[in-house]
Amino acid sequence: MPAEPLPDVRTLLSRLPAWHFRLPEYRAAPVEGRAVTCDAVLYGTLGYADETLFLYGYNVGEDEHCFLYDTPWDETHRAYAGGQPPEWYDGLQMPRAFQVRHAVAEPSRHEILDPLLKVMMERPLRYLGTRPAIPRLLAAGAAEVLRDIQEWDARLRFLRRGRYLLRAGAPEASGWTPVEARFGGLAGSGNTTYAHYHYDVGATGYVFAVKCQPPLARMTPSDHAPQTSRKERRAHLALARRQEEGFRLLTPGQPLQARFNPADPGEHALGTLDLAPSTAAYQLEPVVLPRSK
C-alpha cells in the first residue's frame, strides 16, 4: 500500500503529534557538487508530550524548505533536574539567523554552516516539505507582513513579539498613559483575518495585528475547557465571537481608546471592543523579535 501523502506544512505544524513520526527522516551532511550558500532562520521551539523540536527553514526561489530538529531529551524533565546534563543549545536564543549550503539539483539536501548549530547534523532531522517563501523574515515592516499575512500567520508567534491584549478598563492598566489609537483595517481572509491598528508615542509609531477570530471561536461548548460548566463555556465562546464581530464592524481610520505602559510603550490595553481571554496582539512596528531560549 502506498504511503499516505503528507499534507502541507501549515497542517503538519498544527497537527504535529499525529504527523511527527510519519515525516521522512533526513540527515544534513556536507554537500558535494554544485551548491549555493543561503540564509536560514531557526524559528523557535515546538513540542508535545516529551518531544522538544526546533523548527528551521531556508528559502530557495519561491519555496521555503522546512525541517525539525529533535532534541535528545525530554526538556521539561531535564529542566526539573536543574538543566542536567548540559546541552549545546542551553541559552540559545531564537529566532536566529544562520547560513546553510544546499545542493542546486536537490535544494532540500543541505549542510549547516553555523559553528554552533552544525551539531544539529549529528542527529536525524524530519523534513516537513516546502511552503511559500517570505523575504526579510527578521526585518519586514508592518506593510510587508500585512500584505502576506496568510503566510505570516504560522510564523508570527516565532518572529514578532506578541503579548496578551488587555481591555482599557483592566485594573493593571489604570495607571498607564491614555492614547488615541487608529484602526487600520483588516488583512487576510477566513480564519487568518487580522485586524491592525496603530498609535504614536512621541516620534515612534507602534503598529499591532490581532487575529479577528481566536481559535476559541471555532470550538463547540463540548470541546472547550471541559473542567468548566456548560454555561461558562457558552459564555467564553460567545465572547470570542463578539470579538470577531467587533473588529469587522470597525472602519479604517476609526479612533480607538487605548492606554500604553510608559515603561514599555508596546505594552497596551485597548478599549471599545469585547476581547476574548488570552487574545494576543503582535507588534509589527517597531520590529521586536520574541527572544526564547
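Note: hydrogens, waters and symmetry copies are ignored here, and every other heavy atom, side chains too, is used.
K211 NZ to N191 CG: the interatomic distance, rounded to the nearest 0.5 Å, is 5.5 Å. Expressed to the nearest 0.5 Å, how far CG of L165 lies from CG of L275 amounts to 5.0 Å.
Judged by distance alone, the side chain of T71 and the main-chain N or O of T52 form a donor-acceptor pair under 3.5 Å. One N or O on the side chain of R167 and one on the backbone of L273 form a donor-acceptor pair closer than 3.5 Å. No donor-acceptor pair closer than 3.5 Å links the side chain of Q254 to the backbone N or O of F183. Here the side chain of R161 pairs no donor or acceptor atom with the backbone of V288 at under 3.5 angstrom. Remark: side-chain polar atoms of E144 are paired, donor with acceptor, to backbone N or O of G141 under 3.5 angstrom. With Y26 contributing its side chain and F67 its backbone, the two residues share no donor-acceptor pair below 3.5 Å. Not one N or O on the side chain of E245 forms a donor-acceptor pair closer than 3.5 Å with the backbone of R248.
Cluster annotation: Y199 is not connected to V287 through the hydrophobic network of ILVMFWY side chains, with a link wherever side-chain heavy atoms come within less than 4.5 Å.
Minimum heavy-atom separation, R259 to P178: NH1-CG, 3.6 Å. Across all their heavy atoms, P85 and W73 have their closest contact at CG-CZ2, 3.2 Å. Taking both residues in full, the closest heavy atoms of A269 and A173 are given as CB-CB, 3.8 Å, listed atom of the first, atom of the second, then distance. W19 and P5 get closest at one heavy-atom pair: CH2-O, 3.9 Å.
Applying the side-chain hydrogen bond (donor to acceptor under 3.5 Å, both in side chains) definition to pairs two or more places apart or across chains, those involving residues 169-188 are E180-R182. For the side-chain hydrogen bond (donor to acceptor under 3.5 Å, both in side chains) condition, the pairs that include at least one residue of residues 55-68, sequence neighbours left out, are Y43-E64, Y56-H110, Y58-H110, E64-R131, E64-R155, H65-Y127.
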Distance-only donor-acceptor pairs under 3.5 Å for side chains of residues 111-123, two or more places apart:
from : atom 1 : to   : atom 2 : distance (Å)
E111 : OE2    : V31  : N      : 3.1
E111 : OE2    : R101 : NH1    : 3.2
D114 : OD1    : R96  : NH2    : 3.3
D114 : OD1    : L116 : N      : 2.9
D114 : OD1    : L117 : N      : 3.0
D114 : OD2    : R96  : NH2    : 3.2
K118 : NZ     : I112 : O      : 3.4
R123 : NE     : D70  : O      : 2.8
R123 : NH2    : D70  : O      : 3.2

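Screening T192, V145, L284 against W152 for a side chain to side chain contact (heavy atoms under 4.5 Å, CB included) leaves a single residue, V145.
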Assess the residue pair L55 and L128 against the criterion (side-chain contact (heavy atoms from CB on, under 4.5 Å)); give the C-alpha distance rounded to whole Å, side-chain angles, the decisive distance to 0.1 Å, and a yes or no. CA-CA 10 Å; L55 172 66; L128 289 158; 3.6 Å; yes
One pair to check against ring pair (Phe, Tyr, Trp, His ring centres under 6.0 Å): Y89 and F54. What are the steps and the verdict? CA-CA 10 Å; Y89 46 80; F54 296 167; 5.4 Å; yes
Take L156 and I149 through the test side-chain contact (heavy atoms from CB on, under 4.5 Å) and record every step on the way to the result. CA-CA 9 Å; L156 271 178; I149 196 65; 4.1 Å; yes
Given side chain to side chain donor-acceptor pair (under 3.5 Å), test T193 with Q213 step by step and report yes or no. CA-CA 7 Å; T193 301; Q213 184 188 76; over 6 Å; no
As a quick check of understanding, evaluate side-chain contact (heavy atoms from CB on, under 4.5 Å) for V179 and H268, giving each step before the final call. CA-CA 10 Å; V179 66; H268 66 285; over 6 Å; no
Determine, step by step, whether D264 and R163 satisfy the side-chain contact (heavy atoms from CB on, under 4.5 Å) criterion, reporting the C-alpha distance in whole Å, the side-chain angles of both residues, the deciding distance to 0.1 Å, and the verdict. CA-CA 12 Å; D264 182 0; R163 287 189 277 212; 2.6 Å; yes
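Side chains of T130 and V9 form no contact here, defined as non-hydrogen atoms less than 4.5 Å apart. Looking at heavy atoms from C-beta onward, C212 lies out of side-chain contact with Y194 at the 4.5 angstrom threshold.
Electrostatic pairing of E75 and R78 counts as a salt bridge here, judged by a charged N lying under 4.0 Å from a carboxylate O.
Atom CD of Q84 is surrounded by more than 12 heavy atoms from other residues, nucleotides or ligands within 6.0 Å. Annotation: F21, atom CZ; neighbour count of heavy atoms from other residues, nucleotides and ligands within 6.0 Å is above 12. Counting heavy-atom neighbours within 6.0 Å of Y48 OH, excluding the residue itself, gives a total above 12. A 6.0 Å sphere centred on CZ of R34 holds no more than 12 heavy atoms belonging to other residues, nucleotides or ligands.
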